[in-house]
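Beneath this line is the structure, given in C-alpha cells, with notes to follow.
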Amino acid sequence: MTKTELKLWVASLPKVELHLHIEGSLEPDLMMALAEKHQLELPYANIEEIKNAYNFEDLQSFLDLYYFGASVLKDEDDFYQLMWNYLLKCKEDNVVHVEIMFDPQTHTERGIEFGVFMQGFKRAIQQAQQEWGQSCLLIMSFLRHLTEKSAIETLQSAAPYLHDITAVGLDSGELGNPPEKFTQVFKMAKELGLKRVAHAGEEGPADYIWGALKELDVHRIDHGVRSIEDPELIEFLIESQHPLTVCPLSNTKLKVFNHMNEHNVLQLLDLGLMATINADDPSYFGGYLNANFFAIIDHLPVEKHHLKKLVENSFNASFMSVEHKIMWLEKMGRY
Ligand code: HPA
Ligand code: ZN
C-alpha cells in the first residue's frame, strides 16, 4: 500500500482515543471568542499570533501557555462548547470511543466550581451520544506540580460526580514530581472503584514508569516512550501488556524526539509492547487523531499490519466493556 492508501485506510477505520486533554483541544478561534465574551485581555491580536506562539522548547514551556489558554473557560456553556467541538472532531476522524482527561484543579484554582465544568462536559457528551452514538468516558487528572493534599481535596470535591468519572490520571510537569508523591490519593481512588492512569516517561526517566506501575497501580501509562532506556522495564511491559498511550505530534512538538523520523513508537510496537496512538493536546500540537497517524505514516516505515495493531490495541487498552470490545474488533475486521 502507498502512504496515501495507508492514510485513507486508517482514516476510514473506527478508532479509539485514550490520551486527550480536553483543555488541550481549545482551538484559537474559541479562545478568542471566549476572551471577547468575558472581556479578557489576551496577549495576541489574532488567531495567527496565537498559532505562532505555539513553538515549544519543552513540556514546561507548553504547560505555561496551556494553563494560560484555559483561563478563558469560565461558565458552563464554555465547557460545553469546548467538549462539543472536540466531539465533532471525533465524528470527523471516526473516533468511536474516547477516554477524555480533564484537569479540575486548572479550573477550581481559579474559583470555578466543580459542577460548572462537569455539567458543561456532560451536556455535550449526552448530545453526541444521542446524535451519533458517540461513546465517551472521563478521566479526572491531578496536576502533579501541586501537592498530594490538593489532589485529595480534588478527589473529595468530585464525590457527587463519581458516577460520571471512570478513572483518575496524573499530568503536568513531570520532572521533580515522581508518581510516588501521589501514592495515597491513587490508593483512595482505587478504593472508590476508579481506574488509574498516569503520565510517565515522557520527559521523566524510566524510573517514573516503574513508580507509576508499582506505587500507583496504573492500568495504562500515558506516553511511556522513555521505557526504551530500561531493558528490564521493556521486558516487564512486553509481559504485562500495560498499554502505552503514545502521542507522536506531542512528542516532536515538545522535543522529546527531535524529528518524527526518530520516534520510537514502531520500535516499541515491534518489540511487542501494547502501544497506541493518540493526540494529547491537538490544538497546541498541530492535529487530531488522524493527523497523528498520518505523521507516523509520512516519517516512519509504517506498514498496514502496524496500523491494524495500533488501532486494535486502543480498543483492547480502553475501559469499555468486553462486549463492546468484541463488537468493535469484529467490525474492524471487516475493513
Ligand atoms: N504531559 C503532561 N501534562 C500535560 C500534557 C502532557 O503531555 N498535556 C496536558 N498536560
Ligand atoms: Zn498528556
Side-chain angles (χ1 to χ4, degrees), residues 16-27 31 54-71 73 82-83 86 95 98-109 117 137-146 150-151 154 167-179 181-182 196-206 208-209 211-212 216 218-227 243-257 263 265 275-289 291-292 295 314 317:
V16 163
E17 179 148 53
L18 302 174
H19 183 164
L20 183 286
H21 303 264
I22 196 64
E23 293 87 355
S25 72
L26 175 63
E27 289 287 345
M31 193 193 294
Y54 294 171
N55 274 312
F56 310 112
E57 282 310 307
D58 53 15
L59 176 58
Q60 192 56 52
S61 62
F62 152 70
L63 290 170
D64 292 343
L65 280 196
Y66 165 83
Y67 295 127
F68 175 77
S71 67
L73 298 159
L82 178 72
M83 181 62 82
Y86 170 67
V95 177
V98 60
E99 302 185 357
I100 300 180
M101 282 181 250
F102 67 105
D103 291 339
Q105 289 150 301
T106 300
H107 314 302
T108 52
E109 290 243 313
F117 45 89
L137 301 176
L138 289 175
I139 302 173
M140 174 171 77
S141 250
F142 302 120
L143 299 182
R144 70 202 301 159
H145 68 274
L146 301 177
S150 170
T154 304
V168 293
L170 188 64
D171 61 9
S172 191
E174 192 180 2
L175 288 170
N177 296 301
K181 185 175 160 185
F182 297 92
R196 296 153 314 276
V197 301
H199 284 55
E202 176 188 21
E203 273 197 346
Y208 283 22
I209 301 176
L216 308 186
V218 294
H219 298 78
R220 301 194 293 250
I221 296 287
D222 292 317
H223 294 294
V225 290
R226 288 193 61 191
S227 55
L244 305 184
T245 63
V246 178
C247 309
L249 287 173
S250 165
N251 291 156
T252 46
K253 267 290 202 178
L254 301 188
K255 301 192 167 51
V256 173
F257 298 94
H263 202 290
V265 64
T276 65
I277 297 291
N278 306 270
D280 205 4
D281 302 282
S283 157
Y284 291 87
F285 301 147
Y288 289 78
L289 187 60
N292 276 272
S314 299

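One-based numbering, in listed order, for ligands and for the atoms of each. Treat the numbers as computed from the prediction; the structure is a model and nothing was measured. All values below were derived from every heavy atom in this structure, side-chain atoms included, with hydrogens, water molecules and symmetry-related copies excluded.
- Judged as a salt bridge (charged side-chain N to carboxylate O under 4.0 Å, His left out), and not counting sequence neighbours, the contacts of R220 are E99.
- Side-chain contact between E109 and D103: absent, with no pair of heavy atoms (C-beta onward) separated by less than 4.5 Å.
- Of the possible polar contacts, none joining the D222 side chain to the T245 backbone as a donor-acceptor pair under 3.5 Å is found.
- Residues H21 and Y284 keep their aromatic ring centres 6.0 Å or farther apart.
- Around the Zn ion (ligand 2), protein N, O or S atoms at a distance under 2.8 Å total 4; waters are neither shown nor counted.
- Listed by chain and number, the residues in a side-chain contact (heavy atoms from CB on, under 4.5 Å) with R196 are V168, F186, K190, D217, V218, H219 (sequence neighbours excluded).
- A side-chain N or O of H19 and one of D280 form a donor-acceptor pair less than 3.5 Å apart.
- Every protein residue with a heavy atom nearer than 4.0 Å to ligand 1 is included here: H21, L59, F62, L63, Y66, D171, S172, H199, E202, H223, D280, D281.
- The aromatic ring centres of F142 and F182 sit 6.0 Å or more apart.
- A donor-acceptor distance shorter than 3.5 angstrom exists from the side chain of K181 to the backbone of R144, with no hydrogens or angles considered.
- With hydrogens and angles disregarded, a donor-acceptor distance shorter than 3.5 Å links the side chain of E174 to the backbone of G204.
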